[in-house]
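Protein chains get the first letters and strands the later ones, always in sequence-line order, with residue 1 at the start of each. As the structure is a prediction and not an experimental result, all values here were calculated from the model.
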There are 2 protein chains.
Amino acid sequence: MANYQATLEEIFQALADPTRRQVLERLSLGPAAVSQLAEPFAMALPSFLQHLKVLEQGGLVRSEKLGRVRTYYLVPETVKRARTWFDNQLRVWDRRFDQLDSLLLALDAHETTNPDKHKEVT
Amino acid sequence: MANYQATLEEIFQALADPTRRQVLERLSLGPAAVSQLAEPFAMALPSFLQHLKVLEQGGLVRSEKLGRVRTYYLVPETVKRARTWFDNQLRVWDRRFDQLDSLLLALDAHETTNPDKHKEVT
DNA sequence: ACTATACTTAGGTACATGGCTAACTATCAA
DNA sequence: TTGATAGTTAGCCATGTACCTAAGTATAGT
């Protein structure tokens, strides 16, 4: 079951749900069994298991079963991989000499010929 | 339209879609107009606009309209806010003296009384 | 062997999401 | 003022997602 090279797609998809993020938050404290993980949530167990599957498919967690009990634990490498995406975006952004100038430049020739006409900020 | 305090929920929701992540990647290079942003994608413009709305609602981008042209730009503060979530998870994780020990501990007394019986790794 | 525990599987439902076309509005350029 | 350009709005449709209940399997405890 362990997904050792989940796609960014799978990872972000897994992170999109608040229940799953809470599970990750819990697991960052340390491993836990299914029923322990499920306890804070109101939903039925099968619904909850679905979330665990998505997390495991996204490579964010792994699990091991011993007897009746399945224990889940975090895979920090994958969490780091997700964080890297943000680092990259921000790094590229930081490299732009001056973002404000870029914006004004992008807003273009209008500024000079039609100063402030039709301006609408959202 | 600008969402100055988007919830983590809105942010992660916005990040879940590959089209939207690509838009962010483009915008990390600098501002761009709607049609420029839309150009790499096969979808119809109204479908694409929907994505821009989600990004703006998530506070990840903002826009300004001048004449007919609406220009979008990145809001790095929000990207940073998302990254912080990952930092937090990883920081908590790092603080655990020894995650491997935790796992073994979580797997519990069985190990000692029933060594390796029924073991199943997924 | 018998019951409780801890998941697991199967299948079904409601709503959210991401896509579409058609039709409209507001500039800009000639 | 007329046409082209750049978005925008409205409404529809297919699929995916997150939930549910019911029923099954595998261990553990008595």
Divergence of helical axes at both termini of the helix from C:dA1-D:dT30 to C:dA30-D:dT1 - five pairs an end, 10° steps | 30°
Just grab all the salt bridge (Lys or Arg N to Asp or Glu O under 4.0 Å) pairs involving residues 75-92 of chain A, residues at least two apart or on different chains.
-> A:Arg83-B:Asp87, A:Asp87-B:Arg83
Any idea how B:Phe12 and B:Trp85 line up, ring-wise: parallel (<30°), tilted (30 to 60°), or perpendicular (>60°)?
-> perpendicular
Under 3.5 Å donor-acceptor, B:Glu39 side chain and B:Gln36 backbone | no
Interatomic distance, A:Lys53 NZ vs D:dG16 P [rounded to whole Å] | 17 Å
Find out if a path of hydrophobic residues (ILVMFWY) with successive side-chain heavy-atom gaps under 4.5 Å connects A:Phe41 to A:Leu27.
-> yes
Minimum side-chain heavy-atom gap A:Tyr72-A:Val23 below 4.5 Å | no
Rounded to whole angstroms, how far apart are CD on A:Glu56 and C1' on C:dT8?
-> 14 Å
Could you check if a side-chain atom of A:Val75 sits within less than 4.5 angstrom of a side-chain atom of A:Leu60, using non-hydrogen atoms only?
-> no
Ignoring the backbone of B:Val69, work out which of D:dA6, D:dT9, C:dA6 is nearest its side chain.
-> D:dA6
Return the set of residues passing side chain to side chain contact (heavy atoms under 4.5 Å, CB included) with A:Thr84 (not counting sequence neighbours), or none when no residue passes.
-> A:Asn88
Whole-Å gap separating P (C:dA6) and CG (A:Leu52) = 16 Å
Does B:Lys65 have a side-chain nitrogen or oxygen under 4.0 Å from the phosphate oxygens OP1 or OP2 of C:dT27?
-> no
Between D:dT17 atom C1' and A:Leu55 atom CG, what is the distance in whole Å?
-> 14 Å
Any B:Ser35 side-chain nitrogen or oxygen under 4.0 Å from OP1 or OP2 of D:dG7 = yes
Quickly work out the B:Arg68 CZ to C:dT27 P distance and round it to whole Å.
-> 10 Å
Closer than 4.0 Å, any side-chain N/O of A:Arg70 to the OP1 or OP2 of C:dT8?
-> yes
Spacing between A:Tyr72 atom OH and C:dA6 atom P, to the nearest angstrom = 16 Å
With A:Leu49, which residues qualify under side chain to side chain contact (heavy atoms under 4.5 Å, CB included), at least two apart?
-> A:Val34, A:Leu45, A:Leu52
Winner on side-chain proximity to B:Val34, out of C:dA4, D:dT8, C:dT9, is D:dT8
Rounded distance (Å) that lies between atom P of D:dG16 and atom CD of A:Glu9 | 13 Å
Residue pairs fulfilling side-chain hydrogen bond (donor to acceptor under 3.5 Å, both in side chains) with at least one residue in residues 12-21 of chain A, sequence neighbours excluded = A:Asp17-A:Thr19, A:Arg20-A:His51, A:Arg21-B:Glu9
At under 4.0 Å between heavy atoms, which parts of nucleotides 16-25 of chain C does protein reach? Answer with one letter per nucleotide, 5' to 3': B base, S sugar-phosphate only, - none.
-> -SSSBBB---
Could you state the CG-C1' distance from A:Leu66 to C:dC7, rounded to the nearest angstrom?
-> 14 Å
